[in-house]
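The block underneath contains the structure these notes are about, expressed in structure tokens.
To find a chain, count down the sequence lines: A is the first, B the second, and so on, and within it residues start at 1.
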Amino acid sequence: MSGDQPHNDSQIKVDFRANDSHKHKDKHKDKEHRHKEHKKDKEKDREKPKHSNSEHKDSIEKKHKEREKERHKDGSLERLKDGSSEKHKIASLERNKDSSLEKHKNKHKEKDKEKRKEEKIKSSSGDVKVKKEKENGFSSPPRIKDEPNDDSLYTPPKENSKPLKRFRDEDSCDQKPKKIKTEDNKKTKKRKQENEEDIKPKKSKSKSKQNAQADTKKKIKKEEEQKWKWWEEERYADGIKWKFLEHKGPIFAPPYESLPDKVKFYYDGKATKLSPKAEEVATFFAKMLDHEYTTKEIFRKNFFKDWKKEMTSEEKAMITNLSKCDFNEMSQYFKEQSEARKQMTKEEKQKIKVENEKLLQEYGFCVMDNHKERIANFRIEPPGLFRGRGNHPKMGRLKRRIRPEDIIINCSKDSKVPSPPPGHKWKEIRHDNKVTWLVSWTENIQGSIKYIMLNPSSRIKGEKDWQKYETARRLKKSVDKIRNNYREDWKSKEMKVRQRAVALYFIDKLALRAGNEKEEGETADTVGCCSLRVEHIKLHPEMDSQEYVVEFDFLGKDSIRYYNKVPVEKRVFKNLQLFMENKQPDDDLFDRLNTGILNKHLQDLMEGLTAKVFRTYNASITLQQQLKELTNGDDNIAAKILSYNRANRAVAILCNHQRAPPKTFEKSMITLQTKIDAKKDQLADARRDLKSAKADAKVRRDEKSKRMVESKKKAVQRVEEQLMKLEVQATDREENKQIALGTSKLNYLDPRISVAWCKKFGIPVEKIYNKTQREKFAWAIDMADEDYEF
DNA sequence: AGTGCCACTTAGTAGCATATTG
DNA sequence: CAATATGCTACTAAGTGGCACT
């Protein structure tokens with residue numbers, strides 16, 4: 001259904017993006033000012049010729065030429081702006097304006113949260129019962145027997161042909177509790193069976209703990225050999241995420257080790273020994289000394305404030321000015337340390353590696369429902385200075401050390417609860433099988449909750465991922481209807497409906513994020529679709545010989561700049577004019593709309609539909625289309641992979657996934673170019689050799705010289721091929737300079753599309769997915785055949 | 001409808017590990 | 001074999017969206 005996506009072409013071609021994150025300043029302060037600067041930026045942009053509108057700010061002429069060059073290589077993939085180095089400069093300039101409206105909310109917040117949490121726990125357990133007599137609730141079956149033999153359990157033959165699809169399709173909607181899906185058939189039984197089977201052999205389960213453990217181990221071993229195919233099993237209904245969960249808890253950050261006495265800290269030129277606490281925080285700063293962060297006003301201010309809290313009263317009295325602090329010796333010391341680490345002998349390195357491996361084996365896995373699963377992040381985040389992205393009002397604040405007393409453990413009742421480090425207690429032990437996390441704690445900067453969860457290769461993540469793509473595929477079926485629907489709504493007499501329709505159009509056409517509201521002053525000022533402000537778009541009734549052009553310029557997630565000029569339909573344009581009437585630059589563009597309203601509407605259009613599904617859908621469908629368009633079956637593998645990367649790149653551009661160009665980019669391009677030149681010379685030589693060999697053969701007419709010709713021919717071919725490969729590599733790299741492919745590959749592209757493509761063109765999957773990716777997408781690799789269609 | 005909390009996905013990057021090169 | 005380039009992983013910030021509550 002390539003017809004599905006009428007916008008796609010234009011999306012790709014029209015997107016001129018830039019990434020210099022010129023940051024917004026704090027909202028309350030000098031809004032006017034901010035706006036003006038903003039404007040200036042844009043004006044600058046507009047002055048430039050069309051192609052360079054991806055350039056921004058003090059962007060640099062010298063790079064311009066380069067970019068021109070790049071551009072013709074592939075007209076459809078417009079280059080992102082270069083110069084994230086500028087990005088930093090600018091960012092720092094603007095960030096320095098500081099203004100931390102520290103609100104003291106945090107403390108209150110935290111208390112509040114805690115209370116609520118407690119209440120919640122109580123009520124939710126009640127809740128559960130009301131909703132449904134859940135099968136034995138949380139208590140999981142005692143540990144489990146040998147893995148039931150797959151074949152025997154599996155889906156009965158009748159549905160066997162397409163087992164996966166089948167229940168997927170029905171089920172994918174069950175996030176909205178499709179209500180107790182008629183626990184249909186055998187499949188569901190399967191899980192139960194598994195569980196029951198486990199119980200049986202145990203006889204007196206209390207006694208057989210050890211047996212059980214042994215069993216578990218055995219089973220797990222076995223499993224590792226024959227990779228568990230969770231995707232061939234039935235899923236849990238109704239919000240239950242697991243029945244059995246056992247793990248070892250988190251690994252804590254190593255305790256602070258004081259600096260050797262010889263390493264001094266100087267205040268106002270005077271050597272001073274800091275108290276351990278103050279010293280620790282000082283080292284955090286010292287370690288970042290080379291980083292641009294430490295030059296930023298907000299960062300310094302926040303840091304200094306939090307640092308003082310850790311000082312003794314004498315220290316507090318003495319140290320009153322951060323600028324008089326000299327951390328250089330400390331910084332030097334850490335550099336030496338890391339240098340020393342690099343210089344370690346192989347044996348020492350090996351030893352560390354082994355040690356790490358041991359920790360991984362012990363803490364890196366859990367047992368969830370009979371299966372040993374990898375944990376994603378089993379280490380607690382160490383203390384340090386908060387590094388927000390973009391112009392974050394809280395950058396530089398102290399991220400405090402997390403202790404066992406902060407930790408909530410989640411596991412099943414009948415599991416062996418992890419023990420806290422000696423002399424400590426957990427904050428709480430919970431047995432909530434409606435959530436997927438194993439460990440959580442509350443972080444002190446934003447007061448948000450952090451979790452330890454499973455690896456993407458785990459069943460629990462994989463199922464969800466799969467489901468996500470199934471939802472996107474359902475959207476594919478109704479997208480035409482939905483598009484017609486919102487086009488109708490552009491004419492609505494209700495303002496809210498019009499705004500909703502226009503916003504949805506942007507989300508669909510431009511793959512914008514939903515744009516939830518955020519607390520002002522708590523985070524960097526970034527927006528998504530629903531939170532766009534008047535100042536973020538400009539309307540051009542005519543521009544570059546196109547009509548009704550909307551110019552977007554705003555900072556999105558992670559303060560990545562979104563810059564784009566898009567021709568839109570007349571009605572959209574008129575609506576935007578209407579929405580902007582009588583508004584200030586910092587007023588909301590869609591003042592009658594928020595993500596809640598939008599998503600509720602989407603929900604009515606299709607079950608399970610939310611704004612983010614459009615991103616997934618458009619990303620995947622674009623990949624599929626582009627692959628179809630770009631792949632040439634006659635190409636060699638390298639060229640095909642280039643095509644794949646280009647298709648991938650089209651998606652990354654659509655989704656505005658950017659990266660800072662690698663620091664060594666320029667240099668490595670040059671070396672590559674030298675190589676190419678060398679190869680060209682070599683080719684010329686080879687050709688010359690061939691020629692003379694031919695001439696020689698003509699004269700001599702003997703076998704030997706004929707053979708000579710043949711071998712020279714081959715040599716030429718070989719060199720040609722090598723040259724080709726290098727050139728392809730250069731193109732690919734150049735085009736990729738500031739585009740990050742990883743994010744879309746990992747989160748937006750239905751892996752089955754890629755797998756199918758690989759199979760169709762005889763490309764080994766390894767060329768597309770590395771090991772980790774293959775683990776994450778094991779389900780797709782296993783199930784997609786070459787004619788899979790998204 | 002608005003709010004706050006919570007759970008979970010999506011995001012870019014620092015820095016280590018490994019491959020490649022001189 | 002050291003130096004350098006490149007690839008990958010771990011890390012953690014910053015989004016989205018559901019739900020309960022008012």
Those residues that, when tested against [X], pass salt bridge (charged side-chain N to carboxylate O under 4.0 Å, His left out) (two or more places apart):
X	result
K745(A)	none
D677(A)	none
R401(A)	E280(A)

Set of side-chain hydrogen bond (donor to acceptor under 3.5 Å, both in side chains) partners for [X], sequence neighbours left out:
X	answer
R513(A)	none
S620(A)	none
K679(A)	Q682(A), Q722(A)

Presence of [X] side-chain N/O under 4.0 Å of [N] phosphate oxygens OP1/OP2:
X	N	result
T595(A)	dG17(C)	no
Q446(A)	dA13(C)	no
T664(A)	dA5(C)	no
N377(A)	dA10(C)	no

Parsed dot-bracket for DNA chain C after applying the Watson-Crick and G-U rules with both distances under 3.5 Å and | for other-strand partners is ||||||||||||||||||||||
Could you list the protein-to-nucleotides 16-22 of chain B atom pairs, N/O on both sides, closer than 3.5 Å?
{"from": "dT21(B)", "atom 1": "OP1", "to": "K675(A)", "atom 2": "NZ", "distance (Å)": "3.4"}

Pick out the pairs of N or O atoms, protein on one side and nucleotides 1-3 of chain C on the other, that lie under 3.5 Å.
none

What residues form a side-chain contact (heavy atoms from CB on, under 4.5 Å) with K663(A), not counting sequence neighbours?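 K663(A) satisfies side-chain contact (heavy atoms from CB on, under 4.5 Å) with no residue once adjacent residues are dropped.
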Sorted by chain and residue number, the side-chain contact (heavy atoms from CB on, under 4.5 Å) partners of C529(A) (sequence neighbours excluded) come out as A503(A), F506(A), I507(A), L512(A), F590(A)
Pairwise N/O distances under 3.5 Å, protein to nucleotides 7-11 of chain B:
{"from": "dA7(B)", "atom 1": "OP2", "to": "Y451(A)", "atom 2": "OH", "distance (Å)": "2.7"}
{"from": "dA7(B)", "atom 1": "O5'", "to": "Y451(A)", "atom 2": "OH", "distance (Å)": "3.3"}
{"from": "dC8(B)", "atom 1": "OP1", "to": "K241(A)", "atom 2": "NZ", "distance (Å)": "3.0"}
{"from": "dC8(B)", "atom 1": "OP1", "to": "T436(A)", "atom 2": "N", "distance (Å)": "3.4"}
{"from": "dC8(B)", "atom 1": "OP2", "to": "T436(A)", "atom 2": "N", "distance (Å)": "2.9"}
{"from": "dC8(B)", "atom 1": "OP2", "to": "T436(A)", "atom 2": "OG1", "distance (Å)": "2.9"}
{"from": "dT9(B)", "atom 1": "OP2", "to": "K461(A)", "atom 2": "NZ", "distance (Å)": "2.4"}
{"from": "dT10(B)", "atom 1": "OP1", "to": "K612(A)", "atom 2": "NZ", "distance (Å)": "3.3"}
{"from": "dT10(B)", "atom 1": "OP2", "to": "K468(A)", "atom 2": "NZ", "distance (Å)": "2.8"}
{"from": "dT10(B)", "atom 1": "O3'", "to": "Y748(A)", "atom 2": "OH", "distance (Å)": "3.1"}
{"from": "dT10(B)", "atom 1": "O2", "to": "K557(A)", "atom 2": "NZ", "distance (Å)": "2.6"}
{"from": "dA11(B)", "atom 1": "OP1", "to": "R513(A)", "atom 2": "NE", "distance (Å)": "3.4"}
{"from": "dA11(B)", "atom 1": "OP1", "to": "R513(A)", "atom 2": "NH2", "distance (Å)": "2.9"}
{"from": "dA11(B)", "atom 1": "OP1", "to": "R615(A)", "atom 2": "NH2", "distance (Å)": "2.7"}
{"from": "dA11(B)", "atom 1": "OP1", "to": "Y748(A)", "atom 2": "OH", "distance (Å)": "2.9"}
{"from": "dA11(B)", "atom 1": "OP2", "to": "H657(A)", "atom 2": "NE2", "distance (Å)": "3.1"}
{"from": "dA11(B)", "atom 1": "OP2", "to": "Y748(A)", "atom 2": "OH", "distance (Å)": "3.1"}
{"from": "dA11(B)", "atom 1": "O4'", "to": "K557(A)", "atom 2": "NZ", "distance (Å)": "3.3"}

